[in-house]
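Everything on this sheet refers to the single structure shown next.
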2 protein chains.
Amino acid sequence: MSVRSVPRYRELKDGIIARIATGELKPRDRVPSENELAGTHGVSRMTANRALRELHAEGYVERIAGRGTFVADLRAASHVLEVRNIAEEIAHRGHRHSARVLELARRPADAEVARALAVRPGSEVFRALVVHAENDVPLQLEDRHVAACFAPGFLEQDYTVTTPSAYLSAVAPLARAEQVVRAELPDPSVRQHLHMPEGEPCLVVVRRTFARGRPVSYGRLHHPGSRFELAGRYTPPGAGRGGRQRKATQP
Amino acid sequence: MSVRSVPRYRELKDGIIARIATGELKPRDRVPSENELAGTHGVSRMTANRALRELHAEGYVERIAGRGTFVADLRAASHVLEVRNIAEEIAHRGHRHSARVLELARRPADAEVARALAVRPGSEVFRALVVHAENDVPLQLEDRHVAACFAPGFLEQDYTVTTPSAYLSAVAPLARAEQVVRAELPDPSVRQHLHMPEGEPCLVVVRRTFARGRPVSYGRLHHPGSRFELAGRYTPPGAGRGGRQRKATQP
DNA sequence: CCCGGCAGGTTGTATATACAACTGGCGCCA
DNA sequence: TGGCGCCAGTTGTATATACAACCTGCCGGG
């Protein structure tokens, strides 16, 4: 008997999200039915139901009674109101995520990084520089610094299959995040990594995350202005029900 | 036996949301436990569990195993991307806000505006074009279109002393807002109004507000990239165990 | 007095079962 | 041929049950 730390409905969800992220499941593709999932994974139908129902609530899939479950169509924009990693974001839009690691090393902190992570300048921190692509088109240059003591295994991860954010949130529960959004002209190196023409602006998100009251990571995320935008939705409390409106199937 | 058009778990959810909306349940108050709800409403514990679980996923309540369910604390839920009234924003920084009205008129809707406001192309809408300045330095060019039927007095306001957003939120209770943020190079006219050097990018916020289920206003807000940025903070619900952070909607 | 353990309440998960409502296709019948 | 109805598959809901993990307060032993 193995100890199960993660619940089975969560395993099912993560598995389907991964299949969307890798492109194995594309928008409008059919997702296995509840009974199929129950059979292949050895769980009850109710557990499969919960996994698919939550994926629906989170916008990954569309469900039609009597027909089946399908990968949701691409969405126009991402949600800035949610702290999620770029791979999930791309999967959420029904596209394929891939990543290229440009650097993954131990480095002394410069002044800006040291201030952001609340360490002494020159002390060693981990740094990852990764280009994330959506259907092979670069969409984000992630320049992330991590306080060494909080994530000892940070340098041993393969960031083509996971993402720094995913590893960090697995290692240390996210307690708080701060972010700043601005428009900038990119450095030549950034422009090159993102395949941007000269003169095109970047949408830059600078994000700092905290766990146990201390800064854990500091990320500068550059996005090509022509291919990326942030969207948010706001509903005052008490106005209608949350969640996404689906096409009403009943009168 | 009466026909039940709405499922019971949803009745439970709506009942609790209503009790929060009326103030009968305040933040940090205890919500009845699953067993209590099951008993008082004559449903099984699993049905009560689903209602509370979904309320948690939607951010209404906080759940702690072994302790109970509590109304979520709104303090923690602050906008990650808060587009506040520009006058308040400037006042908050201790600076002086001033505005110059470039246009305030009735106009036929072009295709983009008509689509955004869900009116027929060519039908008349109100338009305001205002430059907002901080200590006389231009900080925002507000290009706003308003559906005529919702704000009959829109053209009679003096937007050097109030702002279009302030007037709209006073006239029609905000039911929903959508916003998109992107980085763009400005048109020459925009650049001139904002006193921007050539080549400097803009941070553009496109915002649409809804009341009574219909679009009310559509605003395009251009800001000089070198002088403006959006900042936000985020605290996930249930900062203990790596929870599923869900949609974050807040005041 | 302090501390450990236990009892009871609460949430979290998993399962088996049941029925309703809806969809799509197949086959039967006029 | 055309239409109708049935059936298999799918999702949606509701329930009873079971066990695990967790928290709090209480009580008793040291």
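Each chain gets a letter, A, B and so on, in the order the sequences are listed, and its residues count up from 1.
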Write down the protein N/O and nucleotide N/O pairs, taken from nucleotides 3-9 of chain C, whose separation is under 3.5 Å; answer none if there are no such pairs.
| from | atom 1 | to | atom 2 | distance (Å) |
| --- | --- | --- | --- | --- |
| C:dG9 | N2 | B:Gly66 | O | 3.1 |

Between A:Arg220 and A:His145, is there a donor-acceptor pair closer than 3.5 Å when you use the side chain of the first and the backbone of the second?
-> no

A:Arg208 side chain to A:Pro215 main-chain N or O, any donor-acceptor pair under 3.5 Å?
-> no

Determine, stepwise, if the pair A:Val43 / A:Leu37 fulfils side-chain contact (heavy atoms from CB on, under 4.5 Å).
-> CA-CA 8 Å; A:Val43 300; A:Leu37 283 175; 5.7 Å; no

When rounded to whole Å, the CZ to C1' distance for the pair A:Arg53 and C:dA14 reads 13 Å

Quick one: B:Arg8 CZ to C:dA18 C1', roughly how many Å, whole number?
-> 16 Å

Over how many whole Å does the gap from B:Ile64 atom CD1 to D:dA21 atom C1' extend?
-> 14 Å

Any donor-acceptor pair under 3.5 Å from A:Tyr167 side chain to A:Gly153 backbone | yes

May I have the distance from B:Glu34 (atom CD) to D:dT17 (atom P), rounded to whole angstrom?
-> 17 Å

Can you check side-chain contact (heavy atoms from CB on, under 4.5 Å) on A:His41 and A:Thr47, steps first, answer last?
-> CA-CA 10 Å; A:His41 289 77; A:Thr47 301; over 6 Å; no

With sequence neighbours excluded, tell me which residues meet salt bridge (Lys or Arg N to Asp or Glu O under 4.0 Å) with A:Arg96.
-> A:Asp136

Tell me: OH of A:Tyr9 to P of C:dT11, nearest whole Å?
-> 16 Å

Value in whole Å for how far the P atom of C:dT13 lies from CD of A:Glu11 | 12 Å

Nearest heavy atoms of A:Pro138 and A:His195, plus distance in Å | CG-ND1, 3.6 Å

Hey, mind stepping through B:Tyr218 and B:Val206 against side-chain contact (heavy atoms from CB on, under 4.5 Å) and telling me if it holds?
-> CA-CA 7 Å; B:Tyr218 177 62; B:Val206 179; 3.5 Å; yes

Would you say A:His132's side chain and A:Leu139's backbone share a donor-acceptor pair under 3.5 angstrom?
-> no

May I ask you to list the residues of residues 37-52 of chain A, by number, that have any heavy atom positioned under 4.0 Å from an atom of DNA chain D?
-> A:Arg45, A:Met46, A:Asn49

Between C:dT10 (C1') and B:Glu62 (CD): distance, integer Å = 15 Å

Take the protein atom CD of A:Glu54 and the nucleotide atom C1' of C:dG12, then report the distance between them rounded to whole Å.
-> 12 Å

